[in-house]
Amino acid sequence: SAVYEILIGGLVKAGRVEEAFKLFGELKWKGDVPGVSTYCLLIDSLRKASEIDTACKLFQEMEKSGCSLDVVAYNLGIDLLGKAGKIVEACKLFEEMEKKGHKPGIISYSVLIDGLAKAGRIEEAYVVFNKMKDSGCVMDVVTYTILIDLLGKSGKVYEALELFYEMTKRGDTPDVVTYSSLIDGLAKSDRIDEAYELFLDMTQKDCTPNSVTLNTLIHGLFKAGRTEAASKHFEEMGRWGCVPNTIVYNTYIDGLGKSGNVKDACFLFGKMEKNGCVPNVETYNILISGLGSVGEVVEAWNLFEEMEKKGLSPDVITFTSLIHGLGRAGEEGAAYKILQVMEEKGCIPNIVTYNALINALGKAGKVKEAYKILDEMRARGFSPD
RNA sequence: CGGCGGACCUAUCC
């Protein structure tokens with residue numbers, strides 16, 4: 001059994017996850033109970049592959065298997081539950097950990113704070129934060145970054161900046177993730193100049209920007225209307241040893257479209273595949289939305305068909321973009337039909353979809369139909385605004 | 001001894 005576990009560990013680290021799971025199955029087949037660390041290793045490999053649900057199931061299996069969880073296992077579980085949108089369960093697991101006599105460590109607090117923040121439960125995140133400080137835990141770079149990100153995303157960049165200075169004063173060195181988070185927070189609060197200064201600051205401190213940093217910056221520059229600066233940074237990514245990936249292309253295509261260069265956006269769309277970047281649902285959504293916003297509904301529809309042909313599943317954003325574009329083009333009848341098309345495909349409209357359709361009908365003077373949709377959305381439990 | 005935590009892209013109206 002110990003041999004199996006060592007082999008499984010080796011396979012996971014070598015990226016041969018399938019083989020690892022095969023061995024794991026054999027191990028259990030023989031009636032052995034895998035150890036906590038083996039479970040955790042496998043659960044974590046699922047988490048890294050974004051297979052959150054499967055990871056949760058394996059976690060439950062571990063709980064039932066009777067092996068007693070240690071702090072690392074609890075940390076993993078709290079993180080998984082948070083990422084699966086089950087933040088209440090995550091909090092319960094945290095309490096269970098304490099009840100069973102395991103003292104939460106810095107990682108325990110960090111994952112819970114991050115989970116709460118991403119679930120929008122900012123107040124509770126602060127409560128856990130204060131508890132962490134009272135417990136005497138020493139914050140590290142990751143904890144600081146989680147807090148800086150949280151503050152930036154909840155409109156408190158000033159406090160994020162204060163934390164940033166506090167950590168440097170304490171001798172903690174911000175890394176590329178810390179910088180990227182703060183640059184994003186500043187840019188999204190329309191403080192692009194400070195964001196840019198921070199970008200320069202990190203390069204002077206030999207903290208090399210990566211593609212996330214550059215994407216964040218490009219996004220911020222577009223948002224501030226600095227199209228040329230954005231393009232410059234896109235073209236000069238190689239300076240930092242980076243090549244644009246699909247997300248960067250998406251940001252750039254979107255920025256071009258929104259700044260009135262839909263033609264260039266389409267040109268880049270053609271180029272991205274040649275550069276080895278596979279367009280995803282977001283790419284198509286960006287283009288469909290961009291084309292619809294300038295009245296090119298036929299082109300938008302063609303792309304919709306193209307994405308389906310490629311096996312990409314249109315989502316609620318795709319359909320809402322189509323509805324908006326058609327409404328804008330005075331084709332409210334077609335916009336209405338999209339609602340049916342999406343339902344047939346099993347895509348549930350949301351409040352944004354209904355707003356787009358009601359606007360389309362209203363603009364066309366079809367007040368009765370608009371009210372009908374309003375009733376439908378109420379019947380579905382949406383409250384109009 | 002080993003296994004766990006952080007940042008980036010898309011839709012309506014405002």
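Here is the naming used below: chain letters follow the sequence lines, and residue numbers restart at 1 for every chain.
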Visitor: What's the NE2-P distance between His219(A) and C9(B), to the nearest Å?
Guide: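 So the two atoms are 5 Å apart, to the nearest Å.
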Visitor: State the CG-OG1 distance between Leu221(A) and Thr251(A), to the nearest 0.5 angstrom.
Guide: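 Separation between the atoms: 11.5 Å.
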Visitor: Picking from A11(B), G3(B), U10(B), which would you name as closest to the side chain of Ser321(A)?
Guide: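 Among the listed nucleotides, the one closest to the side chain of Ser321(A) is A11(B).
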Visitor: In sequence, state the C-alpha distance, the side-chain angles, and the governing distance for Tyr284(A) and Phe269(A), and then conclude on side-chain contact (heavy atoms from CB on, under 4.5 Å).
Guide: CA-CA 9 Å; Tyr284(A) 279 96; Phe269(A) 173 62; 3.7 Å; yes
Visitor: Could one point to a donor on the side chain of Asn210(A) or the base of A7(B) with an acceptor on the other under 3.5 Å away?
Guide: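 By the distance-only test, yes, there is a pair.
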Visitor: Look at Lys153(A) and A7(B) and indicate whether a side-chain polar atom (N or O) is within less than 4.0 Å of OP1 or OP2.
Guide: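 No.
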Visitor: With the side chain of Val177(A) defined as its heavy atoms from C-beta on, choose the nearest nucleotide among G6(B), G3(B), C13(B).
Guide: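 Shortest atom-to-atom distance from the side chain points to G6(B).
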Visitor: Using the side-chain heavy atoms of Asp44(A), tell me which of these nucleotides is nearest: C9(B), U10(B), G3(B).
Guide: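 Shortest atom-to-atom distance from the side chain points to G3(B).
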Visitor: What is the nucleic acid contact for Asn350(A), judged by heavy atoms within less than 4.0 Å: base, sugar-phosphate only, or nothing?
Guide: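 Base contact.
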Visitor: With heavy atoms under 4.0 Å as the rule, sort Ile107(A) into base, sugar-phosphate or nothing.
Guide: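 Result for Ile107(A) = base.
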Visitor: Pair up each side-chain donor or acceptor in residues 252-264 of chain A with any protein partner under 3.5 Å, not counting sequence neighbours, and list the distances.
Guide:
from	atom 1	to	atom 2	distance (Å)
Tyr252(A)	OH	Ser231(A)	OG	2.9
Asp254(A)	OD1	Lys258(A)	NZ	2.7
Asp254(A)	OD2	Lys258(A)	NZ	2.9
Ser259(A)	OG	Gly255(A)	O	2.7
Ser259(A)	OG	Leu256(A)	O	3.1
Ser259(A)	OG	Asn261(A)	ND2	3.4

Visitor: Among G3(B), C9(B), G5(B), which nucleotide has an atom closest to any side-chain atom of Ser110(A)?
Guide: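 Side chain of Ser110(A) sits closest to G5(B).
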Visitor: Classify the nucleic acid contact of Lys13(A) as base, sugar-phosphate or nothing, counting any heavy atom under 4.0 Å across all strands shown.
Guide: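 It contacts sugar-phosphate atoms only.
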Visitor: With a 4.5 Å limit on heavy-atom distance, are the side chains of Ile288(A) and Leu322(A) in contact?
Guide: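 When only atoms from C-beta onward are counted, Leu322(A) and Ile288(A) do touch, with a gap below 4.5 Å.
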Visitor: Taking the side chain as every heavy atom from C-beta outward, state whether Leu58(A) and Leu46(A) have any atom pair closer than 4.5 Å.
Guide: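 Sidechains of Leu46(A) and Leu58(A): in contact.
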Visitor: Going by heavy atoms closer than 4.0 Å, what residues in residues 125-143 of chain A are next to RNA chain B?
Guide: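 Residues of residues 125-143 of chain A under 4.0 Å from RNA chain B: Asp140(A), Val141(A), Val142(A), Thr143(A).
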Visitor: Classify the nucleic acid contact of Lys118(A) as base, sugar-phosphate or nothing, counting any heavy atom under 4.0 Å across all strands shown.
Guide: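 Sugar-phosphate contact only - Lys118(A) comes under 4.0 Å of backbone atoms but never of a base.
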Visitor: Going by the rule ring pair (Phe, Tyr, Trp, His ring centres under 6.0 Å), which residues pair with Phe129(A) if we only count those two or more places apart in sequence or in a different chain?
Guide: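 For Phe129(A), no residue satisfies ring pair (Phe, Tyr, Trp, His ring centres under 6.0 Å) once neighbours in sequence are set aside.
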Visitor: Measure distances between side-chain N and O atoms of Asn355(A) and base N and O atoms of C13(B), and say whether any donor-acceptor pair falls under 3.5 Å.
Guide: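 No.
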Visitor: Between G2(B) and Ser37(A), counting only base atoms on the nucleotide and side-chain atoms on the residue, is there a donor-acceptor pair under 3.5 Å?
Guide: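 Under the 3.5 Å cut-off, the side chain and the base do form a donor-acceptor pair.
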Visitor: To the side chain of Asp175(A), which of G3(B), G6(B), C8(B) is closest?
Guide: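 Out of G3(B), G6(B), C8(B), the nucleotide with an atom closest to Asp175(A)'s side chain is G6(B).
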Visitor: So what does Ile146(A) hit on the nucleic acid, given a heavy-atom distance under 4.0 Å: a base, only sugar-phosphate, or nothing?
Guide: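 Sugar-phosphate, backbone atoms only, no base.
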Visitor: Please confirm whether any donor atom in the side chain of Ser181(A) sits under 3.5 Å from an acceptor in the base of A7(B), or the reverse.
Guide: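 By the distance-only test, no, there is no pair.
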Visitor: I want to verify a distance call: between G2(B), U10(B), A7(B), whose nearest atom is closest to the Ile317(A) side chain?
Guide: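 Of all the options, the side chain of Ile317(A) is nearest to U10(B).
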Visitor: If you compare every side-chain N and O of Lys223(A) against the phosphate oxygens of C8(B) (OP1, OP2), does one of them come in below 4.0 Å?
Guide: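 Indeed not, no polar side-chain atom of Lys223(A) lies that close.
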Visitor: The side chain of Asn359(A) lies closest to which of these nucleotides: C13(B), A11(B), U10(B)?
Guide: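 It is C13(B).
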Visitor: Is there, by distance only and without an angle test, a donor paired with an acceptor across the side chain of Thr178(A) and the base of G6(B) below 3.5 Å?
Guide: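 Present.
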Visitor: Using a 4.0 Å heavy-atom cut-off, does Val248(A) contact any base of the nucleic acid, only the sugar-phosphate backbone, or nothing at all?
Guide: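 No contact.
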Visitor: Decide side chain to side chain donor-acceptor pair (under 3.5 Å) for Asn250(A) and Asn280(A); before the verdict, give the C-alpha distance in whole Å, the side-chain angles of both, and the deciding distance to 0.1 Å.
Guide: CA-CA 9 Å; Asn250(A) 287 351; Asn280(A) 57 17; 3.2 Å; yes
Visitor: At under 4.0 Å, does any side-chain N or O of Lys83(A) touch on OP1 or OP2 of G6(B)?
Guide: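 Yes, within the criterion.
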Visitor: Side-chain N or O of Arg47(A) less than 4.0 angstrom from OP1 or OP2 on G5(B)?
Guide: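 So the side chain of Arg47(A) is within the cut-off, an N or O lying under 4.0 Å from OP1 or OP2 of G5(B).
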Visitor: Using whole Å, report how far NZ of Lys258(A) lies from P of C9(B).
Guide: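 It is 11 Å, rounded to the nearest whole Å.
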Visitor: Using the ring pair (Phe, Tyr, Trp, His ring centres under 6.0 Å) definition, which of the options Tyr196(A), Phe199(A), Phe164(A), Tyr144(A) pairs with Tyr179(A)?
Guide: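 Going through Tyr196(A), Phe199(A), Phe164(A), Tyr144(A) one by one, the ring pair (Phe, Tyr, Trp, His ring centres under 6.0 Å) with Tyr179(A) is satisfied by Phe164(A) alone.
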Visitor: How is Val212(A) classified with respect to the nucleic acid when contacts are heavy atoms under 4.0 Å: base, sugar-phosphate, or nothing?
Guide: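 Base: the residue Val212(A), judged by heavy atoms under 4.0 Å, touches a nucleobase.
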Visitor: As a test of reading the structure: which of G5(B), C9(B), A7(B) is closest to the side chain of Lys188(A), going by heavy atoms?
Guide: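 The answer is C9(B).
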